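The next block holds one structure in the form of structure tokens; read it before the comments.
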Amino acid sequence: MTIPSKSVLVLGAIFGAGCASASAPDPAPAPAPEAAAAPTPAPRAAEVLAAATFTEDQADRGRDTFRAQCTECHYSSEFSDSQFKFKWSRRSAGNLYELIQTSMPETAPGSLAPEEAVELVSYIMRMNGFEPGASALPADREVLDAISLSAIRGE
Ligand code: HEC
């Protein structure tokens, strides 16, 4: 068995986050079900790491959705100011996704398609200095939960 410790760490984050409530800042490490849930642990972890990016296209579509549905109440600058960075640097992309998908727009919560919510997360990540990449950010809570936003305080 030579699973690199990094993979174990990522898998731990996935299992831990899966059953934590979205607003909990630090999900307790859940007892991971014995291997059964993840028959091929190493490739899955690699997949997660590879997916930890979004495309330029996703961020652009997120910006379009933002302009159409969010500017009635928000300035985009609200999502990259120091207060926002401070708060969200301690959370994950999954937390942001969940908030947007379940409570925004405030007038019609739950109305966004999962893809739209993930595009909005991409747009907000780009505003905060995250670089777009070749692979798309999936609308997959497990993957999103494994993506820390700690780099958001980078500047
Ligand atoms: C009708 C007004 C309204 C619209 C439209 C709206 N929001 Fe909000 N949004 C709010 C309010 C009010 C809050 C603050 C809620 C709170 O603090 O409890 C908020 C909070 C947020 C937050 C959390 C900000 C933080 O500092 O943590 C995010 C992210 C967000 N909105 C994203 C969106 C996105 C994306 C859209 C468009 C799809 C959107 N909102 C549309 C009213 C709105």
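Every number for a ligand or one of its atoms is a count from 1 in the order of the listing. Hydrogens, waters and symmetry mates are skipped; everything else that's a heavy atom, side chains included, is used. These numbers were taken from a predicted model, which means no experiment stands behind them.
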(request) Could you tell me whether R61 and D64 make a salt bridge, using a distance below 4.0 angstrom between a side-chain N and a carboxylate O? (result) no
(request) Could you tell me whether R126 and E56 have a side-chain N and a carboxylate O separated by less than 4.0 Å? (result)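 Yes, this pair counts.
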(request) Check for a donor-acceptor pair, side chain of T71 on one end and backbone N or O of H74 on the other, with a separation under 3.5 Å. (result) no
(message) Please check this pair: side chain of N95 against backbone of S92, looking for a donor-acceptor N/O pair closer than 3.5 Å.
(response) yes
Is there any N or O on [X] that sits under 3.5 Å from an N or O of ligand 1?
X: T107; answer: no
X: Q69; answer: no
X: W88; answer: yes

(request) Kindly indicate, with the supporting measurements, whether the criterion side-chain contact (heavy atoms from CB on, under 4.5 Å) is fulfilled by E116 and Q101. (result) CA-CA 9 Å; E116 290 177 307; Q101 241 238 312; over 6 Å; no
Test item: protein heavy atom less than 4.0 Å from [atom]:
atom: atom 40 (N) of ligand 1; value: yes
atom: atom 19 (C) of ligand 1; value: yes
atom: atom 15 (C) of ligand 1; value: no

Answer with side chain, backbone, both or neither: which part of [X] has a heavy atom less than 4.0 angstrom from an atom of ligand 1?
X: L96; value: side chain
X: K87; value: side chain
X: H74; value: side chain
X: L99; value: side chain

(request) Can you sort out which atoms of ligand 1 are near C73, meaning under 4.0 Å from one of its heavy atoms? (result) 1 (C), 2 (C), 3 (C), 4 (C), 5 (C), 42 (C), 43 (C)
(message) The test is ring pair (Phe, Tyr, Trp, His ring centres under 6.0 Å); show your working for Y123 and F79 and say whether it passes.
(response) CA-CA 10 Å; Y123 172 54; F79 299 113; 8.4 Å; no
(message) Give me the nearest non-hydrogen protein atom to atom 33 (C) of ligand 1 as residue plus atom name, then the distance to 0.1 Å.
(response) M104 CG, 3.3 Å
